[in-house]
Protein chains: 2
Amino acid sequence: MARENKSRYALLGILSFHPMSGYDLKKQIEQTTNHFWHEDFAQIYPILKQLEAEGLTTSTVEKQEGRPERHIYALTEKGWGALRNWIAKPVSSQVRRNELLLKLFFADHVPVAVSIEHVQQFREFQLVLQEAFQRLKDSITQQHPVSKQSTYWLLTVNYGACVSQALINWCDDTLAQLGQLDDTTT
Amino acid sequence: MARENKSRYALLGILSFHPMSGYDLKKQIEQTTNHFWHEDFAQIYPILKQLEAEGLTTSTVEKQEGRPERHIYALTEKGWGALRNWIAKPVSSQVRRNELLLKLFFADHVPVAVSIEHVQQFREFQLVLQEAFQRLKDSITQQHPVSKQSTYWLLTVNYGACVSQALINWCDDTLAQLGQLDDTTT
DNA sequence: CGTGTCATGTAATCAGTTACATGATTCA
DNA sequence: TGAATCATGTAACTGATTACATGACACG
């Protein structure tokens with residue numbers, strides 16, 4: 001089974017909203033899917049060329065004064081088909097790798113204070129995320145009319161908010177447990 | 001800043017419990033850290049060679065009849081140092097990529113039923129995980145004496161259980177919302 | 001007689017990150 | 001004057017997955 005490159009579908013998906021350049025794609029991705037998906041220029045530009053070569057997109061050149069040209073990409077019918085087709089396919093299970101848990105799993109070899117620090121850091125980070133999710137929710141509901149698109153978008157934000165809330169609870173529980181461990185016991 | 005290979009620390013960490021072969025490492029990882037970390041033979045064997053070349057492990061050969069030799073790796077003092085050092089370092093933030101959310105984000109382009117199916121599948125999967133976590137918890141508490149090691153281990157399992165419970169809640173909430181969308185509205 | 005386990009590995013490929021390169025404009 | 005933004009890209013490297021290769025034994 002060939003590995004399907006998912007980055008290409010991320011790009012096709014964003015292009016489905018409206019035609020834009022690689023530079024715009026990066027910005028759009030940062031503003032919308034950043035909490036669960038991101039792409040780098042070093043992948044975006046080559047993939048865009050590839051998509052065009054495969055007939056999934058077409059491109060036009062916009063000339064500007066004193067600025068580099070903008071290459072505007074738009075979906076073709078074939079591109080739309082590929083996107084819809086991918087969306088409908090079952091989600092392939094993804095790799096979970098969690099460095100915090102890996103360190104905790106081996107935490108026996110270091111003072112408890114180290115793990116407490118890691119978990120506290122992690123908790124801080126989740127709080128920052130919570131705020132970011134709240135701001136994103138607000139901006140979606142304010143700037144966008146109630147539509148299917150905004151509903152789906154909010155669902156992805158809820159996912160993040162839900163998980164980070166659960167993780168904060170886990171942190172509190174964990175910190176309480178770690179507080180009861182001390183370095184003298186086995 | 002050079003990327004630090006985390007796989008090597010996973011291997012060093014497992015070896016910290018007791019010396020073993022690459023084959024054993026794979027099995028151990030599957031039995032203990034599987035829900036948040038896994039490694040493949042194609043990475044394990046080359047990394048073991050590398051670790052030995054760097055003096056973090058030593059290896060001895062166990063001959064067997066009618067079976068290939070077993071190469072048993074053990075941590076050196078330097079290996080212990082590298083492991084402890086890594087554990088104490090701050091956790092580097094990790095990439096989040098979530099294909100389900102990516103599909104959901106673009107779900108506007110397909111019938112609502114598609115998304116409902118995806119979310120239901122995901123919910124089923126979380127239920128399976130919940131059961132697996134429960135079994136793992138039971139086996140840890142039954143087979144291992146109460147120790148710091150088992151406490152840390154249980155913390156990692158709690159993490160998974162906690163997140164998957166939150167995700168089940170998110171699924172329920174999401175399914176309710178998707179049920180109210182229909183394909184005629186914008 | 002086929003599947004699974006034990007036990008090691010290599011080769012090829014794909015994905016992702018970092019660093020490098022260019023060059024104008026705007027803003028503090 | 002220096003940093004940030006606009007806008008494109010390439011090269012090198014590291015990480016991870018898949019497929020391939022070998023060969024004996026045990027179990028049903």
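Chain naming here is simple, since letters A, B, ... match the order of the sequence lines and numbering starts at 1 in each.
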TODO: Only pairs at least two apart or in different chains count here, so list each salt bridge (charged side-chain N to carboxylate O under 4.0 Å, His left out) that has a residue in residues 127-140 of chain B.
DONE: none

Within this structure, what is the [atom1]-to-[atom2] distance between [X] and [N], rounded to whole angstrom?
| X | N | atom1 | atom2 | value |
| --- | --- | --- | --- | --- |
| Asn5(A) | dT17(D) | CG | C1' | 14 Å |
| Glu62(B) | dC6(C) | CD | C1' | 13 Å |
| Ile47(B) | dT17(D) | CD1 | C1' | 13 Å |
| Arg96(B) | dT17(C) | CZ | C1' | 17 Å |
| Lys63(A) | dA7(D) | NZ | P | 16 Å |

Task: Phosphate OP1/OP2 of dA16(D) contacted by Ser7(B) side-chain N/O (<4.0 Å) - done: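 True: Ser7(B) side-chain N/O within range (under 4.0 Å) of dA16(D) OP1/OP2.
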
Task: dG16(C) OP1/OP2 closer than 4.0 Å to side-chain N/O of Arg97(B) - done: yes

Is the shortest heavy-atom distance from the side chain of [X] to the side chain of [Y] under 4.5 Å?
| X | Y | value |
| --- | --- | --- |
| Phe105(B) | Trp153(A) | yes |
| Arg8(B) | Gln50(B) | yes |
| Lys103(A) | His118(A) | yes |

TODO: If the plane angle is over 60° it's perpendicular, under 30° parallel, otherwise tilted; pick one for Trp80(B) and His109(A).
DONE: perpendicular

- [ ] Under 4.0 Å from any atom of DNA chain D, heavy atoms only: list the residues of residues 16-45 of chain B that qualify, in numerical order.
- [x]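 Here the set is His38(B), Asp40(B), Ala42(B), Gln43(B).
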
Open item on the list: Which Ile, Leu, Val, Met, Phe, Trp or Tyr residues join Leu127(A) in one cluster when any pair of side-chain heavy atoms under 4.5 Å counts as a link?
Closed with: Ile168(A)

Open item on the list: Categorize Arg8(A) for me: base, sugar-phosphate, or nothing, with a 4.0 angstrom heavy-atom threshold over every strand shown.
Closed with: nothing

Task: Chi angles and distances behind the ring-ring contact (aromatic ring centres under 6.0 Å, His included) call for Phe41(A), Tyr23(A) - done: CA-CA 8 Å; Phe41(A) 282 132; Tyr23(A) 192 83; 5.8 Å; yes

Task: Proximal nucleotide (of dA15(C), dT10(C), dA7(C)) relative to the Lys49(B) side chain - done: dT10(C)

Identify each atom pair where a protein N or O and an N or O of nucleotides 20-26 of chain D are less than 3.5 Å apart, giving names and distance.
none

TODO: Take Thr33(A) and Gln28(A) through the test side-chain contact (heavy atoms from CB on, under 4.5 Å) and record every step on the way to the result.
DONE: CA-CA 8 Å; Thr33(A) 71; Gln28(A) 278 287 316; over 6 Å; no

Open item on the list: I'd like to know if the side chain of Lys78(A) and the backbone of Glu54(A) have a donor-acceptor N/O pair within less than 3.5 Å.
Closed with: yes

Task: the helix from dC1(C)-dG28(D) to dA28(C)-dT1(D): angle between end helix axes, five pairs per end, rounded to 10 degrees - done: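 The end-segment axes of the helix from dC1(C)-dG28(D) to dA28(C)-dT1(D) are tilted 40° relative to each other.
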
Open item on the list: Looking at every heavy atom in both Ile47(A) and Ser7(A), which two are closest together, and how far apart are they?
Closed with: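 Nearest pair, atom of Ile47(A) first, then Ser7(A): CD1-CB, 3.5 Å.
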
TODO: Identify, with sequence neighbours excluded, every residue that meets side-chain contact (heavy atoms from CB on, under 4.5 Å) alongside His35(B).
DONE: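 Result, side-chain contact (heavy atoms from CB on, under 4.5 Å) vs His35(B): Phe133(B), Leu136(B), Thr156(B), Val157(B).
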
